[in-house]
Student: 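Structure incoming, see below.
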Amino acid sequence: MYKKEIEEYIEAHKQEMLDDICTLCRINSEKMPYKEGMPFGPGAFEALTEALTIAESYGFSINNYDNYVGTVDINDKETQLDILAHLDVVPAGEGWKETEPFNPIVKNGKLFGRGSSDDKGPAVAALYALRAVKDLNIPLSKNVRLILGTDEECGSSDIAHYYSVEKEAPMTFSPDGAFPVVNTEKGGLAGHFTAEWEASGQLPKIVKLEAGLKVNVVPGKVSATVAGVEEALLKKVADETQVTTGIRYEIEMIGDQGIITAIGEGAHASTPEEGNNALTGLLYYLLKLPLAECPQVTMLRRLHDLIPHGDTSGKSLGIAMGDEISGDLTLAFSLLKVTDTGLEGTFDSRCPICSNEENVLQVVKKNMEDKGFTLHNDSMRPPHHVDGNSEFVKTLLQIYETYTGRKGECISMGGGTYVHDLKNGVAFGASMPETDNRMHGADEFAVVEELVVSAKIFAQVIVDLCS
């Protein structure tokens with residue numbers, strides 16, 4: 001019911017929707033230091049303010065929860081459906097070629113820009129779904145609420161703040177994954193570890209290594225500084241190592257110190273196999289140099305033994321596993337800082353339904369301890385699963401099939417969304433299964449027609465679940 005009207009409305013407002021997405025994508029809304037009234041910094045505050053202003057201009061009732069979260073309501077009735085989207089983004093990162101990160105453009109049917117697919121584009125698609133239902137005067141007996149968060153990429157403290165004062169709706173979806181329906185999200189272990197040792201002044205040595213952007217981003221470009229190695233040797237090892245790792249190494253000399261920059265391929269930490277980790281590639285390179293034997297080199301060698309370049313399954317840490325519902329465990333080494341006297345690092349592991357603290361956390365803790373590292377985690381995030389035979393999920397799948405002509409089915413993903421801790425929450429859209437949006441990587445994009453069909457699907461969901 002109302003399919004024809006919904007499709008015509010969204011098509012008629014397609015350019016307007018893209019313009020609104022671009023308005024939000026021009027704002028650098030990565031998490032920044034706290035300012036009074038701006039819990040996640042001025043960028044997130046600006047994005048939230050702009051999004052709520054846009055929604056209010058279309059006649060919606062809005063609410064601002066202390067600049068953590070904003071909400072958009074279609075009516076004042078009891079809420080049946082929550083749609084959870086976020087306006088914060090990961091850092092811009094390196095390697096952009098199609099455009100600058102915060103200068104969104106449309107090329108060949110794709111909207112490029114940081115946040116275009118994760119998650120400003122889908123958030124605006126959801127807003128236009130609400131707008132279509134409202135402007136078409138489709139009668140609803142229940143309310144749908146669009147919830148716009150600002151801290152999804154850095155721990156979701158925003159949504160925790162929201163649910164501390166509001167109750168969970170009977171049904172919730174987040175357009176922050178992929179179609180058809182993601183009813184299973186892996187658990188996680190963001191493994192934070194340290195090691196200490198006595199300083200050594202022997203040459204050649206590593207002077208500086210500080211790599212990585214965020215725990216949930218596979219590093220695409222990292223650097224280290226070494227002293228006491230000639231430029232010719234640095235370049236020779238770079239050429240040899242590139243063949244093995246697929247990483248490109250650039251060498252710059254400043255005095256007697258060499259700066260090695262490893263350039264790989266960034267990716268979302270939930271799919272590390274889609275990138276080429278520059279951090280593990282840099283460690284592999286450094287350990288090929290004739291560095292003076294010292295505690296620092298010994299510990300880096302042990303670290304690379306535990307998380308070697310190319311191991312995205314946790315095999316060397318002793319935690320490789322998988323199951324039919326949620327797939328295999330993945331692991332991305334994302335952050336590392338090395339000094340003369342110690343190191344601090346973090347890896348991001350996405351863990352299937354068969355995982356638990358005994359077969360993952362305790363195994364990692366012991367295996368790292370045996371090598372001289374201290375794992376500081378005392379717990380891990382459990383996986384999330386919603387029954388695929390529920391009426392809610394079956395309705396989403398049926399609407400997806402109607403609007404796309406594709407078969408609807410439940411899928412699992414490694415990325416965690418806002419719904420991970422909600423009893424009846426799933427991820428639903430806003431990209432097609434085969435589309436790699438380069439989320440968290442350079443040249444992130446959303447396919448324009450996928451955003452358009454998402455808005456149509458979301459509108460039909462509102463009608464079918466809230467009438």
Side-chain angles (χ1 to χ4, degrees), residues 1-27 47 50-62 70-75 81 83 85 87 104-113 115-117 119-148 173 175-176 179-180 395-396 398-406 428-432 435 437 445-467:
M1 187 178 283
Y2 300 107
K3 182 174 185 289
K4 181 175 182 291
E5 294 89 337
I6 288 171
E7 290 189 318
E8 289 177 351
Y9 183 94
I10 297 299
E11 288 294 339
H13 292 80
K14 173 180 172 179
Q15 187 58 51
E16 196 175 353
M17 183 175 80
L18 289 175
D19 291 343
D20 284 343
I21 295 171
C22 288
T23 295
L24 294 179
C25 286
R26 291 188 187 100
I27 301 170
E50 183 65 41
L52 291 178
T53 299
I54 291 171
E56 191 172 36
S57 74
Y58 297 144
F60 289 105
S61 173
I62 62 170
T71 59
V72 181
D73 290 296
I74 204 166
N75 57 43
L81 174 69
I83 304 175
L87 302 172
I105 60 170
V106 176
K107 284 185 181 180
N108 301 319
K110 297 176 180 178
L111 173 59
F112 290 91
S116 56
S117 63
D119 190 37
K120 292 174 180 177
V124 174
L127 175 62
Y128 271 71
L130 270 71
R131 190 180 175 193
V133 174
K134 181 179 75 69
D135 289 355
L136 291 169
N137 294 311
I138 299 174
L140 301 179
S141 62
K142 298 288 181 67
N143 180 40
V144 57
R145 169 171 283 187
L146 174 60
I147 303 172
L148 301 170
F173 77 80
D176 191 20
F179 289 117
T395 298
L396 298 182
Q398 181 268 317
I399 293 170
Y400 167 78
E401 291 182 347
T402 298
Y403 277 80
T404 66
R406 301 171 176 231
F428 185 55
S431 63
M432 293 301 155
T435 301
N437 298 107
F445 70 87
V447 177
V448 172
E449 286 308 312
E450 290 183 6
L451 291 173
V452 171
V453 75
S454 293
K456 297 173 183 177
I457 289 171
F458 298 160
Q460 192 69 58
V461 168
I462 292 169
V463 172
D464 287 9
L465 292 180
C466 299
S467 293

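The structure displayed is predicted, hence computed values, not measured ones.
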Student: Supply the atom-to-atom distance Leu24 CG to Ser116 OG, rounded to the nearest 0.5 angstrom.
Tutor: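 If we round to the nearest 0.5 Å, Leu24:CG and Ser116:OG are 12.0 Å apart.
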Student: Pair Tyr9, Asp135 - check side-chain contact (heavy atoms from CB on, under 4.5 Å), show working.
Tutor: CA-CA 9 Å; Tyr9 183 94; Asp135 289 355; 2.5 Å; yes
Student: Verify the ring-centre separation between Phe428 and Tyr400: is it less than 6.0 angstrom?
Tutor: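 No.
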Student: Do you know the tightest heavy-atom contact between Ala430 and Phe458?
Tutor: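 Between these two residues, the closest heavy atoms are CB-CZ, 4.3 Å.
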Student: Go through Val463 and Ile6 one step at a time and tell me if the side-chain contact (heavy atoms from CB on, under 4.5 Å) criterion holds.
Tutor: CA-CA 10 Å; Val463 172; Ile6 288 171; 4.2 Å; yes
Student: Listed by chain and number, what are the side chain to side chain contact (heavy atoms under 4.5 Å, CB included) partners of Thr435, not counting sequence neighbours?
Tutor: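 Residues passing side chain to side chain contact (heavy atoms under 4.5 Å, CB included) with Thr435: Ser431, Met432, Asn437, Phe445, Val447, Glu450.
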Student: Any donor-acceptor pair under 3.5 Å linking the side chain of Gln460 with the backbone of Met1?
Tutor: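 Yes; judged by distance alone, with no hydrogens or angles, the pair exists.
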Student: Looking at every non-hydrogen atom in both residues, tell me the closest pair between Pro139 and Tyr2 and how far apart they are.
Tutor: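 Nearest heavy atoms, Pro139 then Tyr2: CD-OH, 3.6 Å.
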Student: For the pair Asp464 and Gln398, evaluate side-chain contact (heavy atoms from CB on, under 4.5 Å) and give the outcome as yes or no after the intermediate values.
Tutor: CA-CA 11 Å; Asp464 287 9; Gln398 181 268 317; 4.2 Å; yes
Student: Nearest 0.5 Å, please: how far is CD1 in Ile10 from CG in Leu451?
Tutor: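 Answer for the CG-CD1 pair, Leu451 versus Ile10, is 11.0 Å.
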Student: Please report the C-alpha distance between Ile83 and Leu130 in whole Å, then the side-chain angles of each, then the deciding distance to 0.1 Å, and finally whether the side-chain contact (heavy atoms from CB on, under 4.5 Å) criterion is met.
Tutor: CA-CA 10 Å; Ile83 304 175; Leu130 270 71; 4.1 Å; yes
Student: Measuring from Glu50:CD to Leu87:CG, what's the distance to the nearest 0.5 Å?
Tutor: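 The CG atom of Leu87 is 10.5 Å from CD of Glu50, to the nearest 0.5 Å.
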Student: Do Lys456 and Lys3 have side-chain heavy atoms sitting under 4.5 Å apart?
Tutor: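 No. Closest side-chain heavy atoms not under 4.5 Å.
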Student: So do Val461 and Leu396 actually touch side chain to side chain, heavy atoms under 4.5 Å?
Tutor: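 In contact.
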Student: State, to 0.1 Å, how close Ala129 and Ala455 come at their nearest heavy-atom pair, and which atoms those are.
Tutor: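 Shortest heavy-atom separation between Ala129 and Ala455 comes out as CB-O, 3.4 Å.
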Student: Taking Asn143 for the side chain and Ile74 for the main chain, is one N or O donor matched with an acceptor at less than 3.5 Å?
Tutor: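 A pair under 3.5 Å: yes.
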Student: So do the side chains of Val72 and Ser61 get within less than 4.5 Å of each other, counting heavy atoms only?
Tutor: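 Side chain of Val72 against side chain of Ser61, heavy atoms only: no contact under 4.5 Å found.
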Student: Please name the pair of heavy atoms, one in Glu11 and one in Val452, separated by the smallest distance, quoted to 0.1 Å.
Tutor: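 The answer is OE2-CG1, 3.7 Å.
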Student: Measure across Glu401 and Arg406 and return the closest heavy-atom pair with its distance rounded to 0.1 Å.
Tutor: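 For Glu401 and Arg406, the tightest heavy-atom pair comes out as CG-O, 3.0 Å.
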Student: How long is the gap from CZ on Arg145 to SG on Cys466, to the nearest 0.5 Å?
Tutor: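 Taking CZ in Arg145 and SG in Cys466, the distance rounds to 12.5 Å.
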Student: Heavy-atom distance under 4.5 Å between the side chains of Leu111 and Pro104, does that happen here?
Tutor: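 The answer is yes, as the side chains (C-beta and beyond) meet within the 4.5 Å cut-off.
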Student: Are any non-hydrogen side-chain atoms of Thr23 and Val124 less than 4.5 angstrom apart?
Tutor: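 A side-chain contact under 4.5 Å is absent here.
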Student: I want to check something: taking the side chain as every heavy atom from C-beta on, are Phe60 and Leu146 in contact at a cut-off of under 4.5 Å?
Tutor: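 A side-chain contact is absent here, since even the closest heavy-atom pair is not under 4.5 Å.
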Student: Glu16: which residues meet the side chain to side chain contact (heavy atoms under 4.5 Å, CB included) condition with it, sequence neighbours left out?
Tutor: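 With neighbours one apart ignored, the set is His13, Tyr58, Tyr128, Arg131.
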Student: Any chance you could measure Thr71, atom OG1, to Leu52, atom CG, to the nearest 0.5 Å?
Tutor: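 Here the interatomic distance stands at 7.5 Å.
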Student: Between Ser141 (side chain only) and Ser467 (backbone N and O only), is there a donor and an acceptor less than 3.5 Å apart?
Tutor: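 Checking the backbone N and O of Ser467 against the side chain of Ser141, a donor-acceptor pair under 3.5 Å is found.
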Student: Considering residues at least two apart in sequence or located in another chain, which fulfil the side-chain hydrogen bond (donor to acceptor under 3.5 Å, both in side chains) criterion with Arg26?
Tutor: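 Scan of Arg26 (side-chain hydrogen bond (donor to acceptor under 3.5 Å, both in side chains), adjacent residues dropped) gives none.
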Student: Which pair of heavy atoms, one from Ala459 and one from Val133, lies closest together, and at what distance?
Tutor: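 Shortest heavy-atom separation between Ala459 and Val133 comes out as O-CG2, 3.7 Å.
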Student: If you round to the nearest 0.5 Å, how far is CG of Asp73 from CD1 of Ile147?
Tutor: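 Result: 9.0 Å between the selected atoms.
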